[in-house]
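Notes follow the structure.
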Amino acid sequence: MVNKHISLKEAIAEHVHDGDAVALEGFTHLIPHAAGHELVRQGRRDLTLYRMTPDVVYDQLIGMGAAKRVVFSWGGNPGVGSLHRLRDAVERGHPHPIEIEERSHADIANAYVAGASGLPFAVLRGYAGSDLPKHNDRIRTVTCPFTGEVLTAVPSIRPDVTIIHAQQADLAGNVQLWGIAGVQKEAALAARRVIVTVEEVVERIVPVPTGVILPSWTVNAVALVPGGAHPSYAHGYSERDNRFYQAWDEISRDRDRFRAWMDRHVLNTADFEAYRRSLADG
Amino acid sequence: MVNKHISLKEAIAEHVHDGDAVALEGFTHLIPHAAGHELVRQGRRDLTLYRMTPDVVYDQLIGMGAAKRVVFSWGGNPGVGSLHRLRDAVERGHPHPIEIEERSHADIANAYVAGASGLPFAVLRGYAGSDLPKHNDRIRTVTCPFTGEVLTAVPSIRPDVTIIHAQQADLAGNVQLWGIAGVQKEAALAARRVIVTVEEVVERIVPVPTGVILPSWTVNAVALVPGGAHPSYAHGYSERDNRFYQAWDEISRDRDRFRAWMDRHVLNTADFEAYRRSLADG
Amino acid sequence: MAEYTPDEMMTIAASRRLKDGAVCFVGIGLPSAAANLARLTHAPKVVLIYESGTIGAKPSVLPLSIGDGELAETADAVVPTHEVFRYWLQGGRIDVGFLGAAQIDRFANINTTVIGDYGAPRVRLPGAGGAPEIAAHAKEVVLVTKHSPRTFVERLDFVTTVGFHRGGDSREGLGVTGAGPRAVITDLGVLQPDAETRALVLTHLHPGVSVEEARAKTAWPLAVAPDLAVSPAPTEAELTALRELRARTAAAHGAP
Amino acid sequence: MAEYTPDEMMTIAASRRLKDGAVCFVGIGLPSAAANLARLTHAPKVVLIYESGTIGAKPSVLPLSIGDGELAETADAVVPTHEVFRYWLQGGRIDVGFLGAAQIDRFANINTTVIGDYGAPRVRLPGAGGAPEIAAHAKEVVLVTKHSPRTFVERLDFVTTVGFHRGGDSREGLGVTGAGPRAVITDLGVLQPDAETRALVLTHLHPGVSVEEARAKTAWPLAVAPDLAVSPAPTEAELTALRELRARTAAAHGAP
């Protein structure tokens, strides 16, 4: 059996290539920030980035010039305001222009389900009266062959790589996550390759309520990165760092300040542990 | 707040009417046999019966003349052989001819999901090369508006009533079930009315792994019926009575013996507890 | 009677719109504050559903994000995000969708996407999130947003989420099942749709607010109901519950 | 060498077809026996998936039903039934579909629906279950069934589940992704599809079985491979593992 337990650095080097379609999922909870940093450190470019809520993790990738295209449904800093790097890219083409494809939460969630299910499209009742379909020719219609109703059809999402953060993996690489589960299971099963960072490696998984399990054979690489969701959180291991989200508003508002912050805390640190130490040093 | 905790007799009397489309679900595990018996006791007629695996519970209903139409995907006695009452109805029109609509497991499972999702149809890759679509004009096709692929479309299932058996309900009527979960959540959420029989009423639900919760406001009636899945089982409460399934082959093979058995154990017993006692008496 | 701010009045007025026992799909921010206030006052059995999949959440402090841990810890059930949109929202199980708005027009259509041209926006807003489908499928919608002429605009730069579309019965023509916005609660008063034209009409003013002020902060000619009423001032119980909630929230998040 | 029955030879021959580590969607009955025997002998890391949603089940006795409790207790994950068909089977994650058959034709198409006319059947069989989609989506299919002219028929009364359809590349024309039946294991030997016509050819006989016997129990003119081989007889280890499994099963279920 291949040993799936490798470092995050190795996992990103092996499984994520320039130009890939990548999904880093986690709905507020369990956002794989450590993996985002490692993509920055390794200088990935031209990525198509899927994520329902770009959040700080994609704000950083966009600001560092890693994104060619961003597919998303809600691009704000939750409870705080704007994602300034996303806005700077869309409004002023800095650091370079990016393509955006905007969809709704219901659309993207259904599209991951369709991707995981091996279907080319998903059917939903979506976008009634909205202008979004006028700007996205990938929002189409399909007619029910029984009732004649016209429904919304959207293309399924099948990323090259999905990266998620979870609480636990066992020695074989089976993965368990719990709390708010988001769309991670579907995003992982829809992808060609799967990387999981975890809080903890356990000898044997003890199932917990609402635990989502990805069997080891669905996962390409598992990397131990305690706290790897920060400033997001891992239910049972950490709490959401709401103060960081508030601070990010100021850090990210100015191009130079953003760049200096990323240089100091991400590019000039070797890994997530060093990043956490550099943050603690202030 | 309406008290949802009523007897099974009251629940069936209030929520299931002659001519209704009814789903009693439970995939081998948690089959709502007590509810099936109560439908027999109350003499329901002309029911459209949905169930992936008719099993003994529908063999009894069909043999007692309650079914007008049966929609199913696998109609055997698991690990034993035939369902003789189903066969007698289909092959020889006894006790009266019934309509059958045959689908595959994948089809019916998807159709419940579509029903729960408020969609009129489900899309799957199904029935390639099979003769089943030739005999069922409700298996149709839909064309992907992105790739042009032709996929299978099936109508969603929306029963008038879904009845399930679960391990626990709390005082408010929240329902938890665990172990093999089958399609019960979807069958319940696809239905207009929901009846749940439970092994146990607890003051407060303690979530367990793979526990499926139906919030109280999705449930119309909850009836305490310990062992109410017998000869099926409730994970954590009982084991599958495999010997009963084997014995059923003999009991159900002969019309008179079947009828005498149903008279003695179901029609001449007041409720499921009395049924269990009459079985124990031999 | 105690002093209170227009923001407090708005949140309290919004909270009163939620009936006890209603199943409510809650947006983050103002809607979440109002919905939780309702739960802590007159509607203890209200069922709050957040799009993170927490069903029946009972947070002791207001979540900063839609996915704060306390929502999961206090929920009756936690379901995957796709399920909340498919079985619970699209499945027709939501009584009230509780939403905010960056821009709103007279037919209660909402823009949360861009200010300016979509291809070259002056201001890029966060986008749709769950709103287009919440507004379509919830049996009714309640909107909460502060009154300002930049918010209550003559014409939206972009329709993200439909209200009454072009007015009259045009919403029904879209094939949606929900009845649409029942009320827009602001810091000045309450607007409700005319039964026929479906254009928003000022039906309530909060105590001390004038029609002129409401009209000045609305960029279209705002109609006023003939039976214009004054909202009851916040009760002591409402104010206390709201302030304690805000204080607990500030202590927990370090937010103002 | 120990004595063994044709049934034991069939189960052991079928178990050998399963590679260690393969992800296997298992039908109840003979396929389940063979798959679990593989897991207990040469393929300890085989992943067994039952349509009840138990992924990575490791039962100590053979389940009588597809949903026996031990499957859930020993599984790596238990998922809802719809999910097993959607994410796991249709999603393309199954290496081998392991199925039985009531009737089979030369192109390994299967009937489990009716004997006689569909509208007025002489014998009503259980029906499709999961088979049509397992046969379509699993990367390959292995069939296990006893040899008899009533099973290996010239023409199926009903095509429930497709094998190689009308032969040649007609299966590919159906748009399915899986490669189809790789082998049919019987109590007499092994049949495999011809590379071109896709008609089943006898490629192995179990020890002591003659070509004549296999032909006599096949209702179509059975082709024989030029390099017809003899299956290795069961090893002591295989027989012991199978008999212990059967004994544990009988003790648990009270079945013969």
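Just so it is clear: chains get the letters A, B, ... in the order the sequence lines come, proteins before strands, and each one is counted from 1. Keep in mind that what you see is a predicted model, and the values were worked out from it rather than measured. Scope of the values below: all heavy atoms of this structure, side chains included, with no hydrogens, waters or symmetry mates.
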Which of the residues [options] is involved in the greatest number of heavy-atom pairs with chain A at under 4.5 angstrom?
options	result
C/V123, C/T161, C/L174	C/V123
C/R166, C/H165, C/Q90, C/R122	C/Q90
C/G130, C/P63, C/P132, C/A135	C/G130

[X] side chain near [Y] side chain, heavy-atom distance below 4.5 Å:
X	Y	result
C/D68	A/H29	no
C/P80	A/K185	no
C/R124	A/L83	no
C/F158	A/L132	yes

For chain C, which of [options] has the most heavy-atom pairs under 4.5 Å?
options	result
A/P54, A/A181, A/A128, A/G179	A/A128
A/P209, A/P78, A/G182	A/G182
A/M52, A/H235, A/R125	A/R125

Say you draw a straight line from [atom1] of [X] to [atom2] of [Y]; how long is it, rounded to the nearest 0.5 Å?
X	Y	atom1	atom2	value
C/T160	A/Y127	OG1	OH	11.0 Å
C/E133	A/H105	CD	NE2	10.0 Å
C/H82	A/F27	NE2	CZ	12.5 Å
C/S65	A/Y233	OG	OH	6.5 Å
A/D131	C/L156	CG	CG	8.5 Å
C/T81	A/E186	OG1	CD	8.5 Å

* **A/R240 bridged to C/E70 by N-O distance under 4.0 Å** => no
Would the number of heavy atoms belonging to other residues, nucleotides or ligands and lying under 6.0 Å from [atom1] of [X] be above 12?
X	atom1	result
C/R243	CZ	yes
C/K146	NZ	no
C/R150	CZ	no
A/E239	CD	no

Interface moiety of [X] toward chain A, non-hydrogen atoms closer than 4.5 Å:
X	value
C/R171	neither
C/T54	side chain
C/V78	both
C/E73	both
C/V114	neither

Heavy-atom contact with chain C under 4.5 Å, split by part of [X]:
X	answer
A/F72	side chain
A/L124	both
A/E91	both
A/V183	both
A/R92	neither

* Between C/Y118 and A/H135, what is the ring plane arrangement, given parallel below 30°, perpendicular above 60°, and tilted in between? -> tilted
* Structure fact -> Minimal heavy-atom distance between A/E102 and C/G127, with the atoms involved, is OE2-CA, 3.6 Å
* Asked: What closest approach, in Å, do C/P121 and A/V90 show between heavy atoms, and which atom pair accounts for it?
  -> CG-CG1, 3.9 Å
